[in-house]
There are 2 protein chains.
Amino acid sequence: MTKFDEATQAIRVDDQTYDVCLDPGYAIGGPLNGGYLMAVILRAAVDASPFEHPVSTSAQFHKAPAPGPARVLVEPLKAGRTVGFARARLIQNDVTQIEALITTATLSGADPGFSEKPPALPPIEDCRKLPDPKPESGMTLNAQLDLRFDPPTIGWLTGEPSGRPESRAYFRMAEEQDPDAYVLALAVDVLPPVVFSAGHRGWAPTVDLTWHLRAVPAPGWLTVVGSGRLISDGWFDEEVEVWDSAGRLVAQSRQLARVGRG
Amino acid sequence: MTKFDEATQAIRVDDQTYDVCLDPGYAIGGPLNGGYLMAVILRAAVDASPFEHPVSTSAQFHKAPAPGPARVLVEPLKAGRTVGFARARLIQNDVTQIEALITTATLSGADPGFSEKPPALPPIEDCRKLPDPKPESGMTLNAQLDLRFDPPTIGWLTGEPSGRPESRAYFRMAEEQDPDAYVLALAVDVLPPVVFSAGHRGWAPTVDLTWHLRAVPAPGWLTVVGSGRLISDGWFDEEVEVWDSAGRLVAQSRQLARVGRG
């Protein structure tokens, strides 16, 4: 069992209740990473489903839960021949922290009938790591990740934002871990906010995020491509596509978030 | 009150219950259009919210409700200073037909800080209407819509699909009706399935759909641009962007649907 598997495990209490322990190693400053929290919820939801894969997850982020014990409540809503629907909630101190709708199915891994082409990033050796965060920043998540950024998309670090919302990187876990649906839940929320490249800074809280698992990823590096279409009224959208080492589109997401004031 | 306003109205019974009447004029063959059904749910959810606009809607389509009376149950989950969260369900014969998570806020209409450029469609006079459906097809929806398609994206009608999942059209209601959030809920599900352009035919049921309202649309034609990234394993994604007559991105959606077998 990897550290990530352990940090996301959900222990079945009864048909609809799972005990979880939120790991302080996935914090981005104060709060825990939203992708990590979705992975925890999905462990429970998939365990409670007759199907193998979380093909669709829509999560509303109500509160920022603290590291430590919590519960996931899974309410099956309908299960057909090919698709299962459920409601899932992450609860801490009797308060819902995240509310989610989850659709499960079993993907066969058949060859796609149509696919867009994978993105063209520079070779991995020309991509760059972020500097290590200061210990007092509370960015414990970074130690779990191996991210190599397409250089122009982290120009904001040195005062040269590209001028448009974008972020692109190769990604794998820092420990040895083949990507799976739960790593993909992390992957769709693992990039710095795309608005940093458009000149914004500061805490950019996710309000809601929907992601789709399109195929089970092959072992190896993932390519994570983030972009935004509109920054308006204090809101921005962030789209993320995740491609696996075999050049398959394995996950797609969109989140609606607030522009940081920092 | 327009026909569409009437067909989507939700009459408050109590804090969490609304009576609705599903209109047979929005059918696509047997079932009612999913965008129309979302508009009905959103009428109730916005009425029950302290905020004015449904900025995010994630809907799971469990069943295909029949025309006639139904209820919308709205369960407020959390309301903060700028955002409200709710769960909403469309119920018919005591069975949930659609389960949704809805985020509300009040958009100010301020000028965007960053926006992608609007799509370039041919002039409207070079775009084409679909032929009128046969009365026995049950496609009553078409009579409510004025859609003018970018010709290559309806080449499938005459045996010339473009070979990739796409669909683009100008759109307004057939009756005089300024677009609003509810018309946009319809707009994000109003195109023929994008997979028709990739050579597929037949009933392509939506499994789940998430859409975001990004701005209140200006009066006039909407431009609706649909595309897909991957057709695999019997599943496809359909992304829709809606732009208003002022060239603003007003809505974004993604649905996960099943490829038709017809």
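Remember, it's a predicted structure, so these values are computed and weren't measured experimentally. In what follows, chains are A, B, ... by sequence order, proteins preceding strands, each numbered from 1.
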Identify the heavy atoms of Leu77(A) and Arg87(B) that sit nearest to each other, and give their distance.
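Shortest heavy-atom contact: CD2-NH2, 4.0 Å.
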At their closest point, which heavy atom of Phe61(B) faces which heavy atom of Phe85(A), and how far apart are they?
O-CZ, 3.6 Å
[X] and [Y] ion-paired at < 4.0 Å:
{"X": "Arg229(B)", "Y": "Glu241(A)", "result": "yes"}
{"X": "Arg164(B)", "Y": "Glu116(A)", "result": "yes"}
{"X": "Glu239(A)", "Y": "Arg254(B)", "result": "no"}

Among the listed options Asp237(A), Thr210(A), Val55(A), Val83(A), the residue most often paired with chain B at heavy-atom distances under 4.5 Å
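Top count of heavy-atom pairs under 4.5 Å with chain B: Asp237(A).
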Who among Gly80(A), Gly113(A), Pro165(A), Ala198(A) has the most heavy-atom pairs with chain B under 4.5 Å?
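Heavy-atom pair counts peak at Pro165(A).
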Counting only heavy atoms closer than 4.5 Å, note whether Ala215(B) contacts chain A via side chain, backbone, both or neither.
neither
Asp233(B) side-chain N/O to Leu107(A) backbone N/O, donor-acceptor pair under 3.5 Å
no
Closer than 3.5 angstrom, by distance alone: can the side chain of Gln60(A) be matched with the main-chain N or O of Ile102(B) as a donor-acceptor pair?
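The answer is yes, because a donor-acceptor pair under 3.5 Å joins these two groups.
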Nearest 0.5 Å please: distance from the CG atom of Asp111(A) over to the OG atom of Ser232(B).
8.0 Å
Which atoms of [X] approach chain B - backbone, side chain, both or neither, heavy atom under 4.5 Å:
{"X": "Ser253(A)", "value": "backbone"}
{"X": "His212(A)", "value": "side chain"}
{"X": "Ala59(A)", "value": "neither"}
{"X": "Thr103(A)", "value": "both"}
{"X": "Val195(A)", "value": "neither"}
{"X": "Ala86(A)", "value": "backbone"}
{"X": "Val207(A)", "value": "both"}

Flag side-chain contact, heavy atom, 4.5 Å: Arg248(A) against Leu230(B)
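A side-chain contact is absent here, since even the closest heavy-atom pair is not under 4.5 Å.
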Side chains of Leu101(B) and Asp208(A): closer than 4.5 Å at any heavy-atom pair?
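Side-chain contact under 4.5 Å: no.
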Quick check on the interface: out of [options], who has the most heavy-atom pairs with chain A under 4.5 Å?
{"options": "Lys78(B), Glu99(B), His62(B)", "value": "His62(B)"}
{"options": "Ser227(B), Ala110(B), Ser108(B)", "value": "Ser108(B)"}
{"options": "Trp235(B), Phe236(B), Phe114(B)", "value": "Phe114(B)"}

